[in-house]
Amino acid sequence: MNALILATDNVNVAQNVAFGIIAAVMIFAALSVVTTKNVVHAALWLVMVLAGVAAQYVLAAAEFVAVSQVLVYIGAVMVLFLFGIMLTRAQIGKETGLNNKGWALGIPVALVLFGLLAWVIVDAFGDDVLPDRGPAPTVMLSDQFLSIYLLPFIAISFVLLAAAIGAIVLARKD
Amino acid sequence: MLAVNFLLLGAALFCIGVYGVIARRNAVMVLMSIELILNAVSLNFVAFALMSGAIDGQVFALYVIAVAAAEVGVGLAMVLMIYRNRKSIALDELSEMKG
Amino acid sequence: MLAAEAAQLSSGWFLENVWLIALIPIVSFALIIAFGKHLPMKGSEIGLASMFASLVLATGTAIQWIQRTNSASGGEESLGMLQAFGRSMPRATEGEVQPFIEPVVHTWVWWSNGPLEFGIGSSASGLSVLLLWLVAFISLLVQVFSLDYVRGDRRYTHFFAAITLFSGGMLVMLMAPNMVQLILGWEIMGLCSFLLIGHWWEEEANSRAALKAFFTVRVGDVGLLVGTAIIFFGANAWAVDNLDSNGFDINAIQAWALSGEANSKFLLWGAIALFIACIGKSGQFPLHTWLPDAMAGPTPVSSLLHSSTMVVAGVFLVAQLYPVFWQAFDIGQGSLTFIAVIGAITIIIAALLAFVQDDIKKVLAYSTVSQLGYMMLGLGTGAWLPAVFHIFTHAFFKCCLFLCAGSVSHSGSHHSFDMKKDMGGLRKKMPITFTAWIISTLALTGIFPFAGFWSKDEIIDNVGNNGYTFLMWVGLGGAVLTAAYMTRATYLTFFGEPRGAAAGEHNGDEHSEEHEMEHISVGAHEPRSLGAAANAHGADDHDAHDDHHASDGPHESGPLLLIPIVILAFFALFAGLANPTPLASRFGEGIESMKKYVEPSSTPVAFEDVIATGPGESIMLVDGRVSASPNAEGAAGGEEGAGHSSGCGFDAPEPGTACFFPSVTHAEPSFNKILLSLGVVAAGYAVAIAFNIAFYGRKNKHLVGLTERSKVMRGGFLFLKNKYYLDALYENVIVRAVAHPIAKGTNWFNQNVLDATVNAAGEGARRTGVWVYDNIDQRIVDGAVDGSGWIAEETGHGLQSTQSGKVSQYGALLFGAAAVGAIVLVLVNVS
């Protein structure tokens, strides 16, 4: 399929090749996240997916988002996950019972959903070529944040504060 | 590059995440699957931002990252509390909410 | 030149600095919290001083508002000029057209989001100035009352902090120039009412009452948010185009609603949502249940919050955004409006409920609900001015009644509020309280010449005049009921034989009210440490306490309690003279000061004269001109006759002009109607007095026990006693429904339908799986799944029972349903 796209798309071969490789790695890693029997391995596979997403951001000319992705997700969220795993599971290594008994139900649902999404996407954006714009300056992003998206920005700050307090309250032993 | 590339990748990640949410029994794993879903969505945002030339999509991707951070914090705190009370984080055992 | 100067509306320091009135209490709140405990009077002096300062400022504002209004219409030069421009259209019934007096708006940008700026500041219009003064005045008196009443309470400082912040919140809301600030004040009040109702939260009943009040009001508050949003999206474009303002600005909303360009759907749904908020806050019919329970708070709180200030917030909202409701519900066309119906229902059902209450405060609470119903009825039928006037008069006499009840329980009935058990015969023991109570009762029931007469009769009169004959009779019926239940309360409290604590004995019969009061009463005489106070229910404490009071018996309250009561009783007597419409024919219209100074004029104003009222500019409208567009004659010239149906609120204003208030009609007072209502009330009194003496005094055996003997009577009594089972409905049916029947139904559905389906699917899948396992290479199955081999051995096993994990099952259903729904949508759109 990638070859097909490469053949039809004459814009930037290197970009397409990079995208294809990273995408393949990401899909594989994501499948591993949801299928592996080892919780710690799942977390590490997730790191792979997240790093891949960051790389895709770079390809999509969103460098600031890519950096934030690395800092927040790989830096902070993953550490949280690893702590969560350690605090809730003594055992590191293969486990049984990571899946529900009814896990197979997820397969048709996911497949139907994917089929639907793929069809809709191809139907709607099948021929659209992404323009080659070069990275958007971070200044533009900050302008947006501090002008029309100021209110959501304040709101998200409150959400983070509330989440921090809430997490402390929930996790505190007393 | 075609826009479809990004969007299909996002759709695939999303569906894998959905599968994970449905299939996994361990609460931490379910949270990880949710992260997959969120990343798929922000990937789409960024792709659309590139497509339209407006930077708003990137702004929303950043918001999604912030919300995800908050969500993981609270979610893991809840998992910890559940673990402390029940010594298990298997979601199928948490069925007190049933009628 | 002279004429031009005369036409300038005067302003002044007070009008431009209205924001100080609200700021002072809010700052004081912080000061009380921070330093209150270390001050000699435990912080109450800060609260009192702030309320006094607010009152002084509000008085100054009121005087300057009156000057401003006079400067527009009073001077002969200005009149001459008005006539020279042909603006003054003589109306057959109402004399010359009042020019529209622009509110003095003063805002700062609070925060901005893109082009949209949210302002905070103050807007002084007739309505807001009136209520600002009223709230400052009532708050000051109530705080004076509280000095003695809650003395020694362990959370004395916090009480004063909360009650000061409450007043601040109300003032913020009253002066709000935009909806965002209005919501802010509204929510501050909601929070403070929660704190104050639950002041003695150690008793579970009190904290439950606080929660109930909070949650019930919150149900309505959702309506406020939704309504504000709807109105914003409806009005924003118009306001930006025409007034250089935005859709949150209250003046802009008023003008938009009357512009004739407003989308009727936005108006209707916005008005309905906003009115739901008013139903919650002002205790109207379906959501009135929280108000009587809120009596669990200290009496000053009941007096301030639940009689005269907080609960009129909803009425104020309707009055302030009156053009929206006017247009949305077609009030001008005389159609039966949502507001009027709710108001009428509230009047009757609350009055009936007041009959079966034994707690004196609950009688007053239901009376408040009923009176709020009158205000809503008035607003819903186009009687704007009488309704607003009723807010004004009602505040005095209802506040006075509550304080009297507090005085009675403080000094007369050993902190009990139970009329049947612990009161009776107190008129000799507490003559001043008794006199004030009687004055306020007469005012409440609308007896000439007390305050309530002027406002309530005006409402009833105008309701009839605007064509709502049936609702007028409902109002009159409510007046009869009011007379009757107040007679009952008066008789039980002040006449007859002293009972229980009022007779000087403290029966061991402890009900919750006494418990709550224990903390203060004990502390009042011997300040206690927290630990000791927490022990107040201990047996030894209790005995000592009993001795103390038993020796005292009922007595008149001290001066700190009586002074506010006396002042309020004075106003209950004379406040009606602020707008004595029935006297206007004799003394001229000048005597109707409310009509002149409070009711906005319905004269259209040219756009260019409305200086942007949006935020972002400092002093605006200070030198606003008297501005009626020269070409507005058609719109302004209401012809004579019953219900002139032209002018603002009926026709769209001329292009380039805006209306801010619909032209409402005023009933001509007639002697017959006054006589009718007075007669009706007097009849109510007569019947009620006779009945009460027979029932409670002489224990007439035909009447006593009637509810036990007659099935019909008993049914009615129980129906009322259980508050129409509304609480039961809410708690047992609606709330439980979420937990029980619906949950059960869901469970049944889950067990029998979903599980059966899933089981069947699982069974089918298992057989298929077995078949597949047996017949096809298991690797193909794996490949169909995700290509890894290890699943194969679990395939059959996994498909056997798909119904185990609930959460993931729901997740699967959720995503599956979303996918199916999306497919359907796509198919529909494609084909």
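All values below come from the heavy atoms of this structure, side chains included, with hydrogens, waters and symmetry mates left out.
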Pairs of heavy atoms under 4.5 Å with chain A: top-ranked of [options]:
options                    : result
B:G53, B:A69, B:A47, B:A61 : B:G53
B:D56, B:L13, B:V30, B:V18 : B:D56
B:A27, B:A3, B:G10, B:G20  : B:A3

- Task: Just do the side chain to side chain contact (heavy atoms under 4.5 Å, CB included) check on A:L87 and B:V79 with the steps written out, would you?
- Result: CA-CA 10 Å; A:L87 288 172; B:V79 168; over 6 Å; no
For [X], which of [options] qualifies under side chain to side chain contact (heavy atoms under 4.5 Å, CB included)?
X     : options              : value
B:L62 : A:V65, A:V72, A:I156 : A:V65
A:V53 : B:L9, B:L43, B:L38   : B:L43
A:V49 : B:I16, B:N39, B:L36  : B:L36

Considering all heavy atoms of both residues, which atom of [X] and which atom of [Y] are nearest to each other, and what is their separation?
X     : Y      : result
B:R24 : A:S32  : NH2-O, 4.4 Å
B:A70 : A:V159 : CB-CG1, 4.2 Å
B:C15 : A:A110 : O-CB, 3.5 Å
A:L46 : B:E35  : CD2-CB, 4.4 Å
B:Y63 : A:F153 : OH-N, 3.1 Å
A:A60 : B:L50  : O-CD1, 3.7 Å

Measure the [atom1]-[atom2] distance between [X] and [Y] for me, rounded to the nearest 0.5 Å.
X      : Y      : atom1 : atom2 : answer
B:L7   : A:L117 : CG    : CG    : 10.0 Å
B:L31  : A:L80  : CG    : CG    : 10.5 Å
A:Q144 : B:Q58  : CD    : CD    : 10.0 Å
A:F114 : B:L8   : CZ    : CG    : 6.0 Å

Atom group of [X] that falls short of 4.5 Å from chain A, counting heavy atoms:
X     : value
B:V59 : both
B:L76 : side chain
B:S42 : both
B:M32 : both
B:F45 : neither
B:F6  : both
B:A12 : both

- Identify which of A:L113, A:L116, A:V122 forms the greatest number of heavy-atom pairs closer than 4.5 Å to chain B. A:L113
- Note on the structure: Of the listed A:L50, A:L160, A:L141, the one with the largest count of heavy-atom pairs under 4.5 Å with chain B is A:L141
- Task: Answer with side chain, backbone, both or neither: which region of A:Y73 has an atom nearer than 4.5 Å to a non-hydrogen atom of chain B?
- Result: side chain
- Task: Please flag which part of A:A43 lies under 4.5 Å from any non-hydrogen atom of chain B: side chain, backbone, both or neither.
- Result: both
- Message: Please evaluate residues A:L170 and B:L80 with respect to the criterion side chain to side chain contact (heavy atoms under 4.5 Å, CB included), reporting the C-alpha separation (whole Å), side-chain torsions for both, the decisive distance (0.1 Å), and the verdict.
- Response: CA-CA 8 Å; A:L170 281 177; B:L80 264 185; over 6 Å; no
- Atom CE of A:M48: over 12 foreign heavy atoms under 6.0 Å: no
- Item | Under 3.5 Å side-chain donor-acceptor pair for A:T35 and B:Y19 | no
